[in-house]
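Just so we're on the same page: letters track the sequence lines, and every chain starts at 1.
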Amino acid sequence: MPEIADFLFQITSLIRETAAQRLAEWGCGELADGIELERPAISKHGDYSTNIALVAAGRAKRPPRELASQLADDFSAARTLQPLLSHTEIAGPGFINFFLRPAALAGAVQTGITLGARFGSSLPAAPEKILLEFVSANPTGTLHVGHARYAAYGDALRRILEFAGHDVTSEFYINDYGTQMEIFGRTLAARYAQELGLGGKIPDEGYQGEYPRHVAKLIAEEAGDRFAGEMTPEPTPAALSFFRQRGCELVLGEMRAELERFRVGFDSWFSESRLYSSGEAEAAIEELKRAGEAVEREGALWLLTTRYGDDKDRVLIRGSGEPTYFASDIAYHRDKLERGYDRLINIWGADHHGYVPRMKAAFEALAHDPERLEIIIGQLVNLIQMGERRQMSKRAGTMVTLAELVDGIGVDAARFFLVDRSHDTTLDLDMEKAKLKSEENPVYYVQYAHARICSILRKSETGGEAGVETGGEEEPAGATQTAAGGPFSLQPQERELILKQADFPAVVRAAAITRSPQRLTTYARELAAVFHVFYHNCPVLRADPGTAAFRLDLCRLTRYVIARSLDLVGVAAPEKM
RNA sequence: GCGCUCGUAGCUCAAUUGGAUAGAGCAACGGACUUCUAAUCCGUAGGUUGCAGGUUCGAGUCCUGCCGGGCGCACCA
């Protein structure tokens, strides 16, 4: 239920109210609340249409067109709808098509402008306190385009959910505990020793590649030879602990800077190792033991996830006494719930989807509703290099970093490109092609419309051309607009523009509900297209004063909606191009 | 082998969650700048929505079975 009066929502509400009584008469009154207005594909089919007669026909056991006819009469007779509705038609198998009065559409523009920055925002029926966790890259390397995809998607989702009325916290989970960190620390120590000419040896399982060397260099710069005495024959535990910790800090610092450059900020950075220092991990495990959900077997501690549909039980504590990543994750999610969130949304890569059932099972084991955990699986990014499809891999050196992506095509093009396709399809990225074709990125099409509008608005403010020119002479035939207040008609391009603007609040809502930021890029492109057509057919500053004023309002609202649509996916809206 | 997931124009993707004649952008071809920004607009061409059934007034969308791609199936994370 939108907090804010939104034109399409208002009409829909009035249609529902009007239809409710008749539907009840036919024994299907509960259908009224489900009535939705759609934009027909063809303009001849009206401004909006509804299929309610078709839906009701099955229940009422009467021909759909007969029901449509009755409902259409009701709509025409309804006092509340008369200021909005010009007429209705019945078409096809039983669609009811609505044709709106121009004055009503003009009123919608005024409402939108009055709402200003709030236009499109809403208050959902059940606002939620949401924790949105994404990226959460291991602090042992650099961010690549796979992370970039989740960063762009997650951050856009955060913006959209907030604008749609939810209370969202974005969080980055830091895997700074366990085996991988251990190995990373050893790798850094070896690289550090090499920096100092002490000839350290990278462990067998260690990280090859340039990045650890880069981090070790940073440490060498700030620490000098302070640890030189602790490197041979083996790095001391104290030294390893330092390298682990300092390395992690440095990597996270670079990640944070890189993400900020990408316009992705996190409200919270949550450390895995803190779960152990605070005793939370132990507490979670104890709770599971006490509840009889975790048992010792074969020297390890197992969580009995098969009770809740998982394929096999899962180890929490290894025979070696080391807790698994799964144990950490349980403690982590327990902590999230204790922080009072209604819903936990995790964005995971497709390579982790097999992990979902056990995590859900853990919720049940802790007697929490697994529905509160929503895991969004994002498909992976493949690289195309020299015409070959390759999977990204640090070891194979087939990796494109977030930094390279941003340097290559810029933040706006990169974010638009990444969010524009569904997170649910695998994405092929050819960096060479992406660079060559970056000027063809649809983001510029949308930004250009925005810049164009800004240019018109600038000129209107300086009073340059408004009203001084040839009056209505260049108007397309049939224009009969007069100053506000009088009866007028709308050019088809104006009508299209207004109807497209009126879609915006519903687009935001749909994007939020279906977790699809990509709806916004599609919408922004459509709105820009409709505006460009309007621009070519309907002069603004050169129109007569009344028309010019009205069209300037159309421009203002379009500008606002484009800027907001882009902002919701983290893309800038430049005033000049 | 089992599980999850995706197959839509030559390419990259949409399609208001079951609606009317499946739409955009690139790429191709032909037009429009003495004009509020030509990074734009107009037009042409491009499709058995992987295949086969099913559900109903109606299917790209839901169900079943095949085919093909991706990803998983650890006391790794």
Hey, does [X] reach any base, or is it just sugar-phosphate, or nothing, if we go heavy atoms under 4.0 Å?
X	result
I42(A)	base
N97(A)	base
Y355(A)	base
R314(A)	nothing
Q379(A)	sugar-phosphate
A350(A)	sugar-phosphate
A57(A)	nothing

Report summary line: In RNA chain B, consecutive runs of at least three Watson-Crick or G-U pairs below 3.5 Å, as range with range, amount to B:1-7 with B:67-73, B:10-13 with B:23-26, B:28-32 with B:40-44, B:50-54 with B:62-66

Report summary line: Sorted by chain and residue number, the salt bridge (Lys or Arg N to Asp or Glu O under 4.0 Å) partners of E30(A) (sequence neighbours excluded) come out as R59(A)

Query raised in the report: salt bridge (Lys or Arg N to Asp or Glu O under 4.0 Å) with D335(A): which residues, sequence neighbours excluded?
Result: R339(A)

List for me each residue that meets side chain to side chain donor-acceptor pair (under 3.5 Å) alongside [X], sequence neighbours excluded, and say none if there are none.
X	result
D412(A)	R263(A), Q447(A)
E272(A)	S328(A)
R274(A)	none

If you check every side-chain atom of [X], which of [options] has the closest atom?
X	options	result
R458(A)	A74(B), U37(B), G19(B)	U37(B)
S455(A)	C36(B), U5(B), U16(B)	C36(B)
Q518(A)	C36(B), A14(B), U17(B)	A14(B)
R421(A)	U37(B), U17(B), U12(B)	U12(B)
L541(A)	U5(B), C36(B), C71(B)	C36(B)
I456(A)	G19(B), C36(B), C75(B)	C36(B)
P93(A)	U17(B), G19(B), U5(B)	G19(B)
T425(A)	C6(B), U16(B), C57(B)	C6(B)

Query - For Y308(A), all residues meeting ring pair (Phe, Tyr, Trp, His ring centres under 6.0 Å), sequence neighbours excluded - result: none

Report summary line: For F531(A), the ring pair (Phe, Tyr, Trp, His ring centres under 6.0 Å) test, sequence neighbours excluded, returns F534(A)

Report summary line: Comparing nearest nucleotides in RNA chain B, the 5'-proximal residue of the pair K576(A), S422(A) is S422(A)

Requested in this report: Would you kindly compare G92(A) and K312(A) by the position of their nearest RNA chain B nucleotide and give the one closer to the 5′ end?
Outcome: G92(A)

Between [X] and [Y], is the ring centre distance below 6.0 Å?
X	Y	answer
F184(A)	Y207(A)	yes
H532(A)	Y445(A)	yes
F172(A)	F270(A)	no

Requested in this report: Find out whether the Lys NZ or Arg CZ of R452(A) is both under 6.0 angstrom from the six-membered ring centre of Y535(A) and within 45° of the ring's axis.
Outcome: yes

**Report entry** Identified salt bridge (Lys or Arg N to Asp or Glu O under 4.0 Å) counterpart of D310(A) within the set R307(A), R314(A), K312(A)
**Finding:** R314(A)

Requested in this report: Check the pair Y177(A) / Y276(A) against ring pair (Phe, Tyr, Trp, His ring centres under 6.0 Å), numbers first and verdict last.
Outcome: CA-CA 9 Å; Y177(A) 183 89; Y276(A) 289 91; 3.9 Å; yes

Query - Heavy-atom side-chain contact between E494(A) and C538(A) under 4.5 Å - result: yes

Query raised in the report: Got R65(A) and P93(A) here, is their nearest side-chain heavy-atom distance under 4.5 Å?
Result: no

Requested in this report: Give a yes/no verdict on base stacking between A20(B) and F95(A): centres under 5.5 Å, planes within less than 30° of parallel.
Outcome: yes

Query raised in the report: Is H352(A) stacked on the base of G72(B) when the test is centres under 5.5 angstrom and planes under 30 degrees?
Result: no

**Report entry** N/O donor-acceptor pair under 3.5 Å between D313(A) side chain and T305(A) backbone
**Finding:** yes

Query raised in the report: Any Lys/Arg nitrogen of E89(A) or K44(A) sitting under 4.0 Å from an Asp/Glu carboxylate oxygen of the other?
Result: no

Query raised in the report: Between E526(A) and R519(A), is the closest basic N to carboxylate O distance under 4.0 Å?
Result: no

Requested in this report: Return the residues of residues 495-504 of chain A meeting this criterion: a heavy atom under 4.0 Å from some atom of RNA chain B. Order them by number, or give none.
Outcome: none

Query raised in the report: Taking O4'-C1'-N9-C4 for purines and O4'-C1'-N1-C2 for pyrimidines, is C33(B) syn (within 90° of 0) or anti?
Result: syn

Query raised in the report: Does U44(B) sit syn or anti, given that only angles within 90° of 0 count as syn?
Result: anti

Protein-nucleotides 40-45 of chain B N/O pairs closer than 3.5 Å?
unit_1, atom_1, unit_2, atom_2, d
U40(B), O2', R452(A), NH1, 3.0
U40(B), O2', H536(A), NE2, 2.9
U40(B), O2, H536(A), NE2, 3.3
C41(B), OP1, Y445(A), OH, 2.4
C41(B), O4', H536(A), NE2, 3.2

Query - Donor-acceptor pair present, D351(A) side chain and A77(B) base, under 3.5 Å - result: no

Query - Heavy-atom donor-acceptor pair, S49(A) side-chain to A20(B) base, under 3.5 Å - result: yes

What nitrogen or oxygen pairs link the protein and nucleotides 58-60 of chain B at under 3.5 Å?
none

Between the protein and nucleotides 1-4 of chain B, which nitrogen or oxygen pairs are less than 3.5 angstrom apart?
unit_1, atom_1, unit_2, atom_2, d
G3(B), N2, H353(A), NE2, 2.5

